[in-house]
J.: 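The structure's right below; bear with me while I get my questions together.
Worth knowing before you read on, the calculation uses all heavy atoms, side chains too, and leaves out hydrogens, waters and symmetry mates.
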Amino acid sequence: MVNFSKLGLPSGGGYWKWLGVATVTAALAIGVHHYWLEISRETPKEIQRRKQEAGNLIFHEVLFFPDKGIGCENYASPKGCSALECEFSHLETSYIKLLNYLKQTKKTLNIAIFIMTCPKLAQAIVNLKRKGVVVRVITDNEMMITVGSQIGLLRKSGIAVRHKAKGFIMHHKFAIIDGHTVLNGSFNWTTPAITGNNENITITNQPNVVDSYKNEFEKLWEEFTPRSALLTLLNNNQQCG
């Protein structure tokens with residue numbers, strides 16, 4: 001039998017307790033050592049990027065349509081839905097996720113959309129305007145007067161809307177929230193796009209991507225000023241004559 005006391009170790013049950021503590025301590029030391037070995041292999045540029053991404057919390061999400069039904073906005077709210085027989089879906093649909101992103105807007109919302117006929121999405125934008133959000137909309141000159149277009153509602157609510165005077169269509173479908181998050185995809189802001197069509201929206205706050213959309217929006221906003229649109233229309237008419 002081993003005499004633990006002669007080895008300078010605790011005797012009896014104390015030895016096994018000591019051995020357990022020593023094993024755990026050694027494992028932790030090895031783990032920390034391997035962690036710092038991994039960190040030390042990173043280049044300064046990689047370390048900087050890792051810290052930046054951890055601080056900025058870069059995210060990406062993709063929404064696919066159609067939904068199986070229109071999502072219940074009350075159910076998605078903190079108070080929930082109190083209706084006994086609600087006609088809307090009580091699932092977290094892509095539409096509800098889109099709506100929640102829009103509702104998070106605090107200062108600015110810039111939208112470039114080919115067509116907008118969904119009353120609920122239009123009302124969500126109007127509600128943001130009433131809360132003090134600065135909203136700007138760029139749309140297509142033909143689709144803004146199509147049956148069911150909600151552009152008139154936006155204008156009546158004091159939202160600035162611009163469009164090109166004539167020519168090829170303005171086919172963008174993107175929105176920029178507070179200058180740091182962009183939503184873009186095939187999705188037109190219509191009810192059939194929510195419940196019928198195969199559509200998608202990609203959402204990200206990746207700075208390089210967002211900056212590209214911000215530049216495009218500002219370029220078109222300047223290009224589609226009422227004065228620029230009028231000059232374009234006059235020039236086209238002269239060329240046709």
J.: According to a 4.5 Å side-chain heavy-atom criterion applied to Ile, Leu, Val, Met, Phe, Trp and Tyr, with indirect links allowed, do Val134 and Leu109 form part of one hydrophobic cluster?
T.: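 No: no chain of side-chain contacts under 4.5 Å links Val134 to Leu109.
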J.: Nearest heavy-atom pair of Asn141 and Lys164: which atoms, and what distance?
T.: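 Looking at all heavy atoms of both residues, the shortest contact is CB-O, 3.1 Å.
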J.: State the CD1-SG distance between Ile96 and Cys72, to the nearest 0.5 angstrom.
T.: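 That separation rounds to 7.0 Å.
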J.: Would you say the side-chain atoms of Thr225 pair up with the backbone N or O of Trp221, donor to acceptor, closer than 3.5 Å?
T.: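 No, the answer is negative, given that no donor and acceptor are paired below the 3.5 Å cut-off.
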J.: To the nearest 0.5 Å, tell me how far Ser186 OG sits from Lys173 NZ.
T.: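 Here the interatomic distance stands at 7.0 Å.
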J.: Are the side chains of Glu73 and Tyr95 in contact, using a 4.5 Å heavy-atom criterion?
T.: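 SC-SC contact between Tyr95 and Glu73 confirmed.
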J.: Can you find a heavy atom in the side chain of Val210 that is under 4.5 Å from one in the side chain of Thr181?
T.: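 Val210 vs Thr181: side chains apart.
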J.: Could you tell me whether the side chains of Asn100 and Gln104 share a donor-acceptor contact shorter than 3.5 Å?
T.: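 Side-chain D/A pair, Asn100 to Gln104: absent.
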J.: Is the NZ or CZ atom of Lys120 positioned over Phe88's six-membered ring, under 6.0 angstrom from the centre and within 45° of the axis?
T.: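 Here Lys120 passes the 6.0 Å and 45° test against Phe88.
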J.: Has the side chain of Asn188 got a donor or acceptor atom that lies under 3.5 Å from a matching backbone atom of Thr190?
T.: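 Side chain of Asn188 to backbone of Thr190, a donor-acceptor pair under 3.5 Å: no, none is there.
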J.: Would you kindly confirm whether Leu98 and Tyr75 end up in one hydrophobic cluster when ILVMFWY residues are joined by side chain heavy atoms under 4.5 Å apart?
T.: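 Result: no, two separate clusters.
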J.: Do the side chains of Asn184 and Thr202 get nearer than 4.5 Å, heavy atoms only?
T.: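 They are not in side-chain contact.
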J.: Under the criterion side-chain contact (heavy atoms from CB on, under 4.5 Å), I'd like the reasoning laid out for Ile111 against Ile138: C-alpha separation, chi angles, the key distance, then a yes or no.
T.: CA-CA 6 Å; Ile111 302 170; Ile138 293 173; over 6 Å; no
J.: Are the side chains of Phe217 and Ile176 in touch, meaning some heavy atoms are under 4.5 Å apart?
T.: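 A side-chain contact under 4.5 Å exists here.
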J.: Is there a donor-acceptor pair under 3.5 Å between the side chain of Asn200 and the backbone N or O of Phe64?
T.: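 Checked: no pair found.
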J.: Checking side-chain contact (heavy atoms from CB on, under 4.5 Å) for the pair Met170/His172: CA distance, chi angles, key distance, verdict?
T.: CA-CA 6 Å; Met170 201 303 298; His172 283 317; 3.7 Å; yes
J.: What do the steps show when you test Met116 against Met143 for side-chain contact (heavy atoms from CB on, under 4.5 Å), and what is the final call?
T.: CA-CA 8 Å; Met116 183 187 299; Met143 290 298 102; over 6 Å; no
J.: Going by the side-chain contact (heavy atoms from CB on, under 4.5 Å) test, name the single residue among Ile115, Ile125, Thr139, Thr117 that passes it with Trp189.
T.: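 Result: among Ile115, Ile125, Thr139, Thr117, Ile125 is the only option passing the side-chain contact (heavy atoms from CB on, under 4.5 Å) with Trp189.
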J.: Atom CD of Gln150 and atom CG of Leu154: how far apart are they, to the nearest 0.5 Å?
T.: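 Those atoms lie 7.5 Å apart.
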J.: Might you work through the side-chain contact (heavy atoms from CB on, under 4.5 Å) test for His90 and Cys81, ending with a clear yes or no?
T.: CA-CA 9 Å; His90 282 190; Cys81 178; 3.7 Å; yes
J.: So which atom in His180 and which in Asn205 form the shortest heavy-atom distance, rounded to 0.1 Å?
T.: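 Looking at all heavy atoms of both residues, the closest pair is O-CB, 3.0 Å.
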J.: What closest approach, in Å, do Leu153 and Val126 show between heavy atoms, and which atom pair accounts for it?
T.: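 Scanning both residues, the minimum pair turns out to be CG-CG2, 4.2 Å.
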J.: What I'd like to find out is whether the side chain of Val182 reaches to under 4.5 Å of the side chain of Ser212, using heavy atoms alone.
T.: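 No. Closest side-chain heavy atoms not under 4.5 Å.
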J.: Could you tell me whether the side chain of Ile194 reaches within less than 4.5 Å of the side chain of Phe187, counting heavy atoms only?
T.: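 A side-chain contact exists here, since the closest heavy-atom pair is under 4.5 Å.
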J.: Decide whether Ile177 and Phe59 are clustered together by the hydrophobic rule: side chain heavy atoms of Ile, Leu, Val, Met, Phe, Trp, Tyr closer than 4.5 Å, transitively.
T.: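 Same hydrophobic cluster.
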J.: Between OG1 of Thr204 and NE2 of His60, what distance do you get to the nearest 0.5 Å?
T.: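 The distance works out to 4.5 Å.
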J.: Hey, could you give me the OH/CG distance between Tyr101 and Leu183, rounded to the nearest 0.5 Å?
T.: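 That separation rounds to 7.5 Å.
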J.: Same cluster or not: are Val62 and Leu57 linked, directly or through other Ile, Leu, Val, Met, Phe, Trp or Tyr residues, by side-chain heavy atoms under 4.5 angstrom apart?
T.: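 The answer is no; the residues belong to distinct hydrophobic clusters.
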J.: Does a sphere of radius 6.0 Å around CZ in Phe114 hold more than 12 heavy atoms from other residues, nucleotides or ligands, not counting ones at 6.0 Å or beyond?
T.: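 Yes, enclosed.
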J.: Is the shortest side-chain heavy-atom distance between Leu63 and Ile203 below 4.5 Å?
T.: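 Leu63 reaches Ile203 side chain to side chain.
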J.: State yes or no: do Ile169 and Met144 share one hydrophobic cluster built from I, L, V, M, F, W and Y residues joined by side-chain heavy-atom distances below 4.5 Å, directly or via other members?
T.: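 No, no single cluster joins them.
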J.: Can Arg162 and Glu222 be counted as an ion pair, charged N to O under 4.0 angstrom?
T.: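 Looking at Glu222 together with Arg162, the answer is no, because their closest N to O distance does not fall below 4.0 Å.
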J.: Which value, rounded to the nearest 0.5 Å, describes the distance between Asp67 atom CG and Glu199 atom CD?
T.: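 That separation rounds to 11.5 Å.
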J.: So, for Thr108 and Thr105, which heavy atoms are closest and what is the spacing to 0.1 Å?
T.: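 Residues Thr108 and Thr105, closest heavy atoms: O-CG2, 3.2 Å.
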J.: What pair of heavy atoms forms the shortest contact from Arg136 to Asn110, and how long is it?
T.: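 Scanning both residues, the minimum pair turns out to be NE-OD1, 3.1 Å.
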J.: Is the closest side-chain heavy-atom distance between Val137 and Ile159 below 4.5 Å?
T.: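 In contact.
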J.: Which atoms form the tightest heavy-atom contact between Gly71 and Thr93, and what is the distance?
T.: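 Gly71 and Thr93 have their closest heavy atoms at CA-OG1, 3.9 Å.
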J.: Phe224 and His163: aromatic ring centres closer than 6.0 Å?
T.: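 Centroid distance Phe224-His163: not below 6.0 Å, so no.
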